[in-house]
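Scroll down for the structure; my scribbles are underneath it.
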Amino acid sequence: MIENLVIVESPAKANTIEKFLGKDFRVISSFGHIRDLAKKNLGIDLSKDFKPDYEIPMEKSKIVAELRKAASQARNIWIASDEDREGEAIAWHLAEVLKLDTETTKRIVFHEITKDAISNAIDNPRKIDMNLVNSQQARRVLDRLVGFEISPVLWRKVQPALSAGRVQSVAVRLIVDREREIISFKPESSHRITALFAAGPDPDSALIKAEASKRFNEENEALKFLELCVNAGFTVDNVTVKPGTRSPAPPFTTSTLQQEAYRKLGFSVSQTMTIAQKLYEAGKITYMRTDSTNLSKLALSKSHEVIVKEFGDRYSKTRQFRTKTRGAQEAHEAIRPAYLDNQTVPGSLNEKKLYELIWKRTIASQMADAQVEKTTITIETDNSPVKFLANGEVVKFDGFMKVYAESTDQENQDEEKTLIPPVSKGMKLFYRNITSTQRYTTPPPRYTEASLVKKLEELGIGRPSTYAPTISTIQNRGYVSREDRPGEKRSIRILSLEKGKITPSSKTEIAGKEKSKLFPQDIGMIVNDFLIENFSDIVDYHFTAEVEEQFDEIAAGKLKWTGMLKGFYGPFHDTIQKTLEKTDRQTGIRVLGNHPETGEPVTVRMGRFGPVAQIGSSENGNKPRYASLTKNQLLETITLEEALKLFRLPRPVGIHDGEEIVAGMGKFGPYIRYKGKFFSLKKGVDDPYSINSERAIEIINEKNEEEKKKMIRDFGDIKILNGRYGPYLTRDKQNYRIPKGADAEKLTKEECINIIEKSEKKKKSS
DNA sequence: CAGTGAGCGAGCTTCCGCTTGACTT
């Protein structure tokens with residue numbers, strides 16, 4: 001017999017709590033939800049007022065059996081799932097599955113994991129809050145209805161195996177909308193004037209960097225101004241010194257951790273979560289899926305202690321941050337070190353890095369504001385109304401910045417904040433150089449995984465536990481793709497004034513270079529447009545916020561959950577029917593024009609195997625010609641010229657030893673084919689459209705040469721090859737390791753067969 | 001690894017949120 005059984009959601013939490021509660025208590029975990037809507041079909045009985053058909057998923061059957069066994073032996077059962085909508089639903093499902101009386105089942109919640117908080121919770125049990133449970137049921141059923149009714153429409157009208165949902169479809173929309181802003185963006189240039197002034201005529205005078213208050217649209221305007229500068233006198237017109245403060249950012253939530261880990265450490269969203277999970281399981285940090293910026297009293301006092309010890313009293317300032325995020329449910333604390341005295345932890349390099357980031361952010365959040373002094377100098381030009389401005393900033397007291405400064409998505413290279421030498425009004429300055437640099441406006445930035453999470457959180461869409469999976473889903477469906485782009489060179493004009501002489505020059509810069517950004521794919525754009533056309537309210541950026549308001553009313557007992565669903569489902573289902581009846585198959589087809597020689601129509605569309613360009617139509621038994629679009633081309637933006645160019649490949653390059661060499665563009669980039677073998681062309685070095693036979697033969701010989709070096713022994717079907725990690729065996733495209741101690745050079749065919757058979761056996765037994 | 005683009009049609013695909021492993025490379 002167990003005297004007291006406590007059920008929590010997470011096994012790591014179960015271990016911690018059990019230590020606090022002593023021997024009369026056994027604590028086990030439900031590993032999250034234990035029941036869900038039936039996997040097959042809709043899982044909802046529409047004829048019975050949205051009655052959910054709940055079932056225990058296969059992978060949960062083992063844990064449910066354990067829970068049942070423990071429950072049958074326990075005198076008292078305490079359900080301690082999280083204090084939010086999902087947690088309350090877990091409590092109710094547990095009560096249902098374990099056949100507990102909902103009237104008497106003891107529902108408790110902890111706000112922090114300390115002995116006091118836990119015994120306090122045990123002393124104050126309550127009943128399961130059915131209103132909160134019903135708001136979760138409404139949420140669950142609505143998501144299932146949206147997902148499982150719209151997705152099949154996509155299968156019929158667009159392509160099989162696609163999906164739509166309240167969260168993922170908005171995530172895709174954000175990326176598509178942003179891409180279209182970028183497509184329609186027209187960069188404009190202007191000429192920015194920067195100057196380096198000296199406080200006195202001698203060479204080692206203090207220097208001041210300044211920028212002109214005006215930018216010039218045309219280069220000759222900039223030139224005229226520089227010509228004025230040649231003979232101008234420069235005088236300090238005004239000096240203002242303003243004190244300012246900077247405050248630390250709140251401690252991490254899931255979303256801000258993902259953003260900062262990306263910006264500072266370069267981790268992807270899912271990588272961050274995997275590493276954080278490890279740290280959590282090792283008891284090094286608090287729970288990593290949270291939307292709360294709250295710190296426990298214990299953490300606050302411990303931070304104070306650490307800060308005073310490490311940096312001194314004046315660096316400490318205890319703060320409690322309010323969670324601003326819409327729809328935050330705050331079932332947990334912010335993400336913080338479990339033991340704040342540990343500035344570092346043992347573990348892998350990435351674990352160390354992420355832990356230190358969390359430690360710094362937490363500690364900084366409890367530190368004093370930084371005190372800064374901002375100096376602005378206005379410099380007059382005596383023969384022109386254009387003034388120069390110099391901005392400087394001096395940190396008077398570093399405060400939290402001693403430990404941590406938050407990064408931004410777009411680091412500002414323009415604003416240079418430097419120390420300004422002491423100058424006073426009326427002082428004469430001498431230019432060292434004045435430079436006009438052409439500057440282009442930049443389009444809005446593409447989303448990174450982390451900045452998309454930030455945007456979703458701002459819109460109240462998705463939860464800490466789903467940000468990483470959502471990002472994976474929209475990539476797995478092929479809606480968006482995380483890619484790099486090399487950018488394009490462009491020329492910028494520079495005018496440089498030095499020692500009374502103006503020298504014009506040009507410089508090249510790279511524009512539009514991208515690293516690890518989310519790009520929409522054709523199928524994502526087609527699905528997005530189809531959803532906006534037919535389900536505009538579901539993919540509206542505010543849809544989630546609106547239904548969340550209704551979920552809140554259900555939780556407050558002011559609205560019946562089935563009534564809310566009825567209000568939603570009636571019009572929604574009508575739209576589904578209408579869309580099925582009235583819309584055609586969506587291929588994203590565009591007519592680009594006519595072939596310049598034959599006059600045949602040239603179109604692009606989504607084909608069976610991806611985006612395709614087509615010359616001619618299949619009417620009247622004609623056979624059209626087809627060519628796949630390349631990776632970076634979009635149906636939406638490809639031009640007639642670009643489409644026609646696709647048909648120039650594959651192209652014959654020449655004959656070598658009586659066999660034809662062909663150049664083409666494949667799935668994996670440009671290639672040449674010779675004697676049935678493929679040879680990749682290096683990006684940016686060789687171009688399949690223009691490569692000649694001489695160069696092609698060079699590439700072929702090079703690769704054949706390499707292959708020869710790779711071959712150690714050739715037994716026909718079995719080969720011993722030299723690979724990246726040393727010699728290995730290969731047979732039927734399967735690779736096998738050579739056991740340690742064996743000499744690859746001297747192996748016989750029989751020995752090779754032995755090695756292969758042994759390794760095959762091992763595979764089967766494991 | 002590097003191609004494909006006709007049509008028929010069985011049986012399948014799919015949501016969001018809570019939790020961890022069990023997989024592979």
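Protein chains get the first letters and strands the later ones, always in sequence-line order, with residue 1 at the start of each. Excluded from the calculations below are hydrogen atoms, water molecules and symmetry mates; all remaining heavy atoms, backbone and side chain alike, are included.
Here the OG-CD1 distance, from A:S481 to A:I523, works out to 14.0 Å after rounding to the nearest 0.5 Å.
In terms of phosphate contacts, A:Y674 brings no side-chain nitrogen or oxygen within less than 4.0 Å of OP1 or OP2 of B:dA2. The phosphate of B:dT19 has OP1 or OP2 within less than 4.0 Å of a side-chain N or O from A:Y287.
There is a side-chain donor-acceptor pair under 3.5 Å between A:S10 and A:Y280. Side-chain atoms of A:R605 and A:Q614 form a donor-acceptor pair, as typed in the model, at a separation below 3.5 Å. There is a side-chain donor-acceptor pair under 3.5 Å between A:Q475 and A:E449.
For A:D84, counting side-chain heavy atoms from C-beta on, the closest listed nucleotide (B:dC18, B:dT19, B:dA2) is B:dC18. Taking only side-chain atoms of A:R608, from C-beta outward, the nucleotide of B:dG5, B:dT19, B:dG3 with the closest atom is B:dG5. Proximity note for A:F678 (side chain, C-beta onward) versus B:dG3, B:dT20, B:dA6: the nearest is B:dG3.
Scored by the side-chain contact (heavy atoms from CB on, under 4.5 Å) test, A:D36 finds A:R140 as partners (sequence neighbours excluded).
What separates CD1 of A:I56 from P of B:dC18 is a distance of 20 Å, to the nearest Å. For the pair A:L94 CG and B:dC18 P, the computed distance is 15 Å after rounding to whole Å. Spacing between atom CD of A:Q277 and atom P of B:dT19 amounts to 9 Å, rounded to whole angstrom units. Per the geometry, CG belonging to A:L646 stands 16 Å off C1' belonging to B:dG3, to the nearest Å. Taking atom CZ of residue A:R289 and atom P of nucleotide B:dC18, one finds them 9 Å apart after rounding to whole Å. Summarising the geometry, the separation between CD1 on A:I63 and C1' on B:dG21 is reported as 12 Å, rounded to the nearest angstrom. Going from atom CD of A:E619 over to atom P of B:dG5 covers 19 Å, rounded to whole Å. Taking atom CG of A:D291 as the reference point, atom C1' of B:dC18 lies 14 Å away to the nearest angstrom.
Residue A:F679 is out of contact with every strand shown, counting any heavy-atom pair closer than 4.0 Å. Using a 4.0 Å heavy-atom distance criterion, A:G610 is classed as a base contact. Within 4.0 Å (heavy atoms only), A:G664 reaches no atom of the nucleic acid at all. Within the nucleic acid shown, A:Y467 has no heavy atom closer than 4.0 Å to any nucleic acid atom.
Stacking between A:F31 and B:dT19 is absent: the ring centroid is not both under 5.5 Å from the six-membered base ring centre and under 30° in plane angle.
A cation-pi arrangement, defined by a distance under 6.0 Å to the six-membered ring centre and an angle within 45 degrees of its axis, is present between A:R144 and A:F148. Judged by the 6.0 Å distance and 45° axis criteria, A:R166 is not positioned over the aromatic ring of A:F543. Cation-pi check for A:K13 over A:Y287 is not met; the charged atom does not lie both under 6.0 angstrom from the ring centroid and within 45 degrees of its normal.
As rounded to the nearest Å, B:dT13 and B:dG9 have C1' atoms that lie 16 Å from one another.
Each of A:K60 and A:R605 has a nearest nucleotide on DNA chain B; the 5'-most of these lies closest to A:R605.
Under the 30°/60° scheme for interplanar angles, the aromatic rings of A:H656 and A:Y674 are found to be tilted. By the 30° and 60° cut-offs, the orientation of the rings of A:Y569 relative to A:F572 is tilted.
Remark: DNA chain B takes part in no stem of 3 or more antiparallel Watson-Crick or G-U pairs, criterion distances under 3.5 Å.
Under the 3.5 Å distance criterion, the side-chain polar atoms of A:R107 are matched with a main-chain donor or acceptor of A:S81.
A donor-acceptor contact under 3.5 angstrom links the side-chain atoms of A:S628 to the base of B:dG5. Below the 3.5 angstrom threshold, one finds a donor paired with an acceptor across the side chain of A:S680 and the base of B:dA2.
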Exercise for the section: Classify every nucleotide of nucleotides 10-17 of chain B by which part a protein heavy atom approaches to under 4.0 Å, writing B for the base, S for the sugar-phosphate alone and - for neither, in 5'-to-3' order. Expected result: ---BBBBB
